[in-house]
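Written below as structure tokens is the structure these notes are about.
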Number of protein chains: 2
Amino acid sequence: MNLSDFLLSIIAFSPDELQDITSHFEKENIPKDTLLIAQGQISKKLYFIEKGMGRSYYLKEDGKEVTQWFFGVGKFMSSVDSFFQQSSSLYYLETLEDSVIYSISNEKMDLLFSKYHKMEKLGRLVSIEMLTKVVNKLNAIQFQTARERYDYMLAEFPDISYRVPLGHIASYLGMTQETLSRIRK
Amino acid sequence: MNLSDFLLSIIAFSPDELQDITSHFEKENIPKDTLLIAQGQISKKLYFIEKGMGRSYYLKEDGKEVTQWFFGVGKFMSSVDSFFQQSSSLYYLETLEDSVIYSISNEKMDLLFSKYHKMEKLGRLVSIEMLTKVVNKLNAIQFQTARERYDYMLAEFPDISYRVPLGHIASYLGMTQETLSRIRK
DNA sequence: GTTTTCCTTTGACCTAAATCAAAAAGGGAT
DNA sequence: ATCCCTTTTTGATTTAGGTCAAAGGAAAAC
């Protein structure tokens with residue numbers, strides 16, 4: 001899914017508006033396993049995934065990675081708090097496959113938000129959608145068993161689940177790789 | 001904190017705008033333990049808490065309540081997905097104290113979003129703030145021990161934690177009341 | 001092809017927190 | 001003060017899932 005189609009699927013932008021908005025994004029080919037943001041940095045860019053996939057992860061003191069979110073085709077990818085509040089990121093953000101990505105800076109994004117009421121609305125709608133998804137994950141983690149959490153995962157990220165290493169999925173679901181391996185049988 | 005002060009703390013509305021916006025809200029006194037939305041209903045209203053507090057909770061099949069969120073003074077309270085996406089609510093929403101609350105319907109809120117670009121921006125900022133808070137809770141639940149989660153709770157809801165029954169807090173933190181009781185010593 | 005590296009599975013054991021159950025402590029109402 | 005009802009604490013036991021360790025498999029590198 002490309003950027004224009006995605007934007008139009010949410011808000012009825014005019015061709016001119018769409019042209020202006022998309023011109024603020026930069027299209028990039030980013031290879032697999034590229035780090036986009038490191039923990040502690042302030043995220044300068046928001047990414048839209050046209051092709052490929054990414055994940056955000058947290059690095060614990062003991063050196064273990066904990067996947068925080070997966071980002072698939074047709075989604076915005078960022079360290080949300082860092083990008084929108086220009087604060088130091090708690091997470092690393094990386095590509096998991098060779099990807100085609102549209103990126104935009106914080107300044108340009110704010111400019112678009114100010115220029116277009118419709119864009120502001122899009123921002124609100126996308127935020128709410130993300131919010132409900134995070135709440136769903138919270139539910140899964142908070143009051144479901146390991147087995148039920150795996151089912152939630154399959155429903156939320158059907159296409160992603162078989163494309164990434166087991167360990168990434170296990171930590172996303174708040175369990176160990178061993179436990180997930182046993183569950184899958 | 002009253003509604004006008006809250007709105008002004010986020011966006012510089014003109015006196016006229018502020019007057020128009022707040023006139024769409026209805027001020028109500030709501031007694032303790034009043035149910036505002038039941039599971040399965042579609043949330044018709046968004047609430048702003050001037051005084052008092054509330055919580056949202058999920059009812060499990062075995063009849064146990066699991067607190068999903070606490071809402072304190074100066075915050076918007078709702079079953080987010082239900083209100084903004086007009087879908088059936090997964091949660092109950094109730095007051096935990098006698099409260100003074102401003103409420104607004106979904107239709108009026110949409111009207112304000114359409115009428116004022118600034119209001120749309122406010123909606124986006126509030127959504128993002130909520131999103132980052134939910135992500136913080138997710139972190140606490142996903143990779144912290146019971147003891148650390150309690151500390152997170154004290155930081156996030158300092159004033160609330162000693163005003164509600166232990167069981168509500170325990171379920172909010174994804175642990176049993178017994179465990180929380182043992183931790184507190 | 002063979003080797004190296006990474007990823008997944010399996011096994012044995014351990015531990016944090018859940019469950020079950022009952023006692024203790026508060027807090028209103030009368 | 002006493003009684004009733006709700007909330008919190010304490011104790012004994014169980015369990016889901018974690019940890020540690022090693023063996024298979026699969027895919028990339030040589």
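Residue numbering restarts at 1 for every chain, and letters A, B, ... go by the order of the sequence lines. The structure displayed is predicted, hence computed values, not measured ones.
- Note on the helix from C:dG1-D:dC30 to C:dT30-D:dA1: terminal axis deviation equals 40°, with five pairs used at each end and the result rounded to 10°.
- Hydrophobic cluster membership for B:Leu35: B:Tyr57, B:Leu59, B:Tyr92 (Ile, Leu, Val, Met, Phe, Trp, Tyr linked by side-chain heavy atoms under 4.5 Å, directly or transitively).
- Between A:Asp151 and A:Arg147, none of the side-chain N atoms (NZ, or NE/NH1/NH2) sits under 4.0 Å from a carboxylate O, so this pair counts as no salt bridge.
- For A:Ser181, the side chain to side chain contact (heavy atoms under 4.5 Å, CB included) partners are A:Leu166, not counting sequence neighbours.
- Residues passing the side chain to side chain donor-acceptor pair (under 3.5 Å) test with B:Tyr47: none are found, sequence neighbours excluded.
- Between D:dT8 and B:Lys185, no contact under 4.0 Å exists linking OP1 or OP2 to a side-chain N or O.
- Look at B:Glu65 and B:Arg55 and you find a salt bridge, because one of the NZ, NE, NH1 or NH2 atoms lies within 4.0 Å of a carboxylate O, short of that distance.
- Look at NZ on B:Lys60: it is 12 Å from C1' on C:dT19, rounded to the nearest Å.
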Quick one: which protein N/O atoms are closer than 3.5 Å to N/O atoms of nucleotides 4-8 of chain C? Pair and distance per line, please.
from	atom 1	to	atom 2	distance (Å)
C:dT8	OP1	A:Leu166	N	3.2
C:dT8	OP2	A:Leu166	N	2.8

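- Cation-pi contact between A:Lys108 and A:Phe113: absent, since separation from the ring centre below 6.0 Å together with deviation from the ring axis within 45° is not met.
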Sequence-aligned protein contact record of nucleotides 14-30 of chain D, with B where the base is within under 4.0 Å of a protein heavy atom and S where only the sugar-phosphate is: ---SSBBB---------
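- Between the CD atom of B:Glu65 and the C1' atom of D:dT7 there is a distance of 14 Å, rounded to whole Å.
- In terms of modelled atom types and a separation under 3.5 Å, the side chain of B:Thr34 and the main chain of B:Ile30 share no donor-acceptor contact.
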Side chain to side chain contact (heavy atoms under 4.5 Å, CB included) between A:Ser103 and A:Lys45: does it pass, once the steps are laid out? CA-CA 6 Å; A:Ser103 68; A:Lys45 288 184 170 181; 3.7 Å; yes
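- Remark: B:Lys121 NZ is loosely packed, at most 12 non-hydrogen atoms of other residues, nucleotides or ligands lying under 6.0 Å away.
- Among A:Arg149, A:Lys75, A:Lys133, the one residue that satisfies the salt bridge (charged side-chain N to carboxylate O under 4.0 Å, His left out) test with A:Glu156 is A:Lys133.
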